[in-house]
Amino acid sequence: RRGFDYNERAGRLRPVSPRPEEGSLDLAHPAAALGLGLALGVAPGPVQVLLLTESARGVGRGLRAMVGANGTFGILLLLLALGLPLLSPTGAAVRVLQVAGGAFLVYLAVDTFRAAGQEATARGPGRSLPPASRGVVAVILNPGAWIFLATTATALVADATRDGGRGLAVLTSVGLLAGVMVADGAVVAVGAGGRRGLRGRAWTWVVRILSLALAALGLWLVARGILP
């Protein structure tokens with residue numbers, strides 16, 4: 001219930017905002033985390049380009065890559081909610097992640113470009129890294145993901161822990177992951193929808209263009225890690 005407090009300077013009573021009752025469920029933190037997850041999921045980055053490229057080769061591939069990426073991100077969020085501090089990479093560590101992550105994206109781009117031609121000639125893609133594994137590695141080698149977890153996500157979870165304990169922290173992490181999954185699912189739907197709309201050599205070249213974009217992103221990350 002709303003109470004009142006006496007304001008000596010004003011000489012009158014002023015209303016005081018009520019505090020959440022003991023045992024009530026606080027949804028403000030999970031709701032804020034959900035919105036943050038949606039914003040994070042639609043922001044262009046290595047994982048989004050990977051999901052778009054994989055889903056362009058088939059909705060199954062896109063979904064498996066999404067499971068790998070979101071599963072890895074979800075585990076890291078859970079560890080954060082349970083109190084495990086995640087260090088923010090700095091200096092040489094960031095450069096190593098940029099070079100390794102960029103090189104991995106270039107590898108995926110070359111493999112995707114080659115596989116698109118093999119699929120077009122009905123030979124089928126050769127043996128390569130499974131889509132789920134690609135999603136896992138894309139998150140682990142993404143310096144931006146680690147910096148986000150160690151800064152913004154840590155602050156959000158710490159605030160939830162202070163206001164509602166570990167339970168609210170876990171619920172907030174679930175909200176953040178849910179937002180990311182919704183946005184990533186939309187990316188997969190866009191890639192898979194384009195595949196249904198185009199056939200044959202036209203779609204082969206769409207996949208190759210996406211692979212070139214993935215390679216460009218990878219080379220940019222490598223350059224940032226190497227150049228002063």
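Computed from a prediction, not measured in an experiment: that's the story for all the values here.
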Could you work out the complete set of other residues in the hydrophobic cluster of Val94, with links drawn between I, L, V, M, F, W and Y side chains under 4.5 Å apart?
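For Val94, no cluster forms, as it stays isolated from other hydrophobic side chains.
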Listed pairs under 3.5 Å, donor-acceptor, residues 38-48 side chains, sequence neighbours left out:
| from | atom 1 | to | atom 2 | distance (Å) |
| --- | --- | --- | --- | --- |
| Gln48 | OE1 | Gly45 | N | 3.4 |
| Gln48 | NE2 | Gly41 | O | 3.2 |

Looking at OG1 of Thr152 and CG of Leu156, how far apart are the two atoms once the value is rounded to the nearest 0.5 Å?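 Those atoms lie 8.5 Å apart.
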Pairs under 3.5 angstrom only: tabulate donor-acceptor contacts from the side chains of residues 166-193 to other protein residues two or more places apart or in another chain.
| from | atom 1 | to | atom 2 | distance (Å) |
| --- | --- | --- | --- | --- |
| Arg166 | NH1 | Ala81 | O | 3.2 |
| Thr172 | OG1 | Leu168 | O | 2.8 |
| Ser173 | OG | Ala169 | O | 3.1 |
| Asp184 | OD2 | Asn70 | ND2 | 2.9 |

Using the rule that two of Ile, Leu, Val, Met, Phe, Trp, Tyr join whenever any of their side-chain heavy atoms come within less than 4.5 Å, decide whether [X] and [Y] are in one cluster.
{"X": "Phe148", "Y": "Leu141", "value": "yes"}
{"X": "Tyr107", "Y": "Leu52", "value": "yes"}
{"X": "Val137", "Y": "Leu108", "value": "yes"}
{"X": "Leu76", "Y": "Leu34", "value": "no"}

Set of residues satisfying side-chain contact (heavy atoms from CB on, under 4.5 Å) with respect to Ile75, sequence neighbours excluded: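 Checked Ile75 against side-chain contact (heavy atoms from CB on, under 4.5 Å); matches are Leu79.
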Quiz prompt | Pairs where residues 92-101 contributes a residue and the test side chain to side chain donor-acceptor pair (under 3.5 Å) is met, not counting sequence neighbours | solution =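 As it turns out, there is no side chain to side chain donor-acceptor pair (under 3.5 Å) pair with a partner in residues 92-101 once direct neighbours are skipped.
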Considering only residues two or more places apart or on different chains, which pairs with a residue in residues 129-140 satisfy side chain to side chain donor-acceptor pair (under 3.5 Å)?
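Sorted result for residues 129-140: Glu54-Arg134, Asp111-Arg134, Ser128-Arg134.
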Should [X] and [Y] count as side-chain neighbours, where that means a heavy-atom distance under 4.5 Å?
{"X": "Leu149", "Y": "Thr154", "result": "no"}
{"X": "Leu63", "Y": "Val59", "result": "yes"}
{"X": "Phe104", "Y": "Leu129", "result": "yes"}

Donor-acceptor pairs under 3.5 Å, side chain of residues 158-165 to any protein atom, not counting sequence neighbours: which ones?
| from | atom 1 | to | atom 2 | distance (Å) |
| --- | --- | --- | --- | --- |
| Asp159 | OD1 | Arg162 | NH1 | 3.1 |
| Asp159 | OD1 | Arg162 | NH2 | 2.1 |
| Asp159 | OD2 | His29 | NE2 | 3.0 |
| Thr161 | OG1 | Val157 | O | 2.8 |
| Asp163 | OD2 | His29 | NE2 | 3.1 |

Tell me the salt bridge (charged side-chain N to carboxylate O under 4.0 Å, His left out) pairs involving residues 39-50, sequence neighbours left out?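 Non-adjacent pairs meeting salt bridge (charged side-chain N to carboxylate O under 4.0 Å, His left out): zero.
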Do any side-chain atoms of residues 212-228 form donor-acceptor pairs under 3.5 angstrom with protein atoms, and if so which ones, sequence neighbours left out?
none

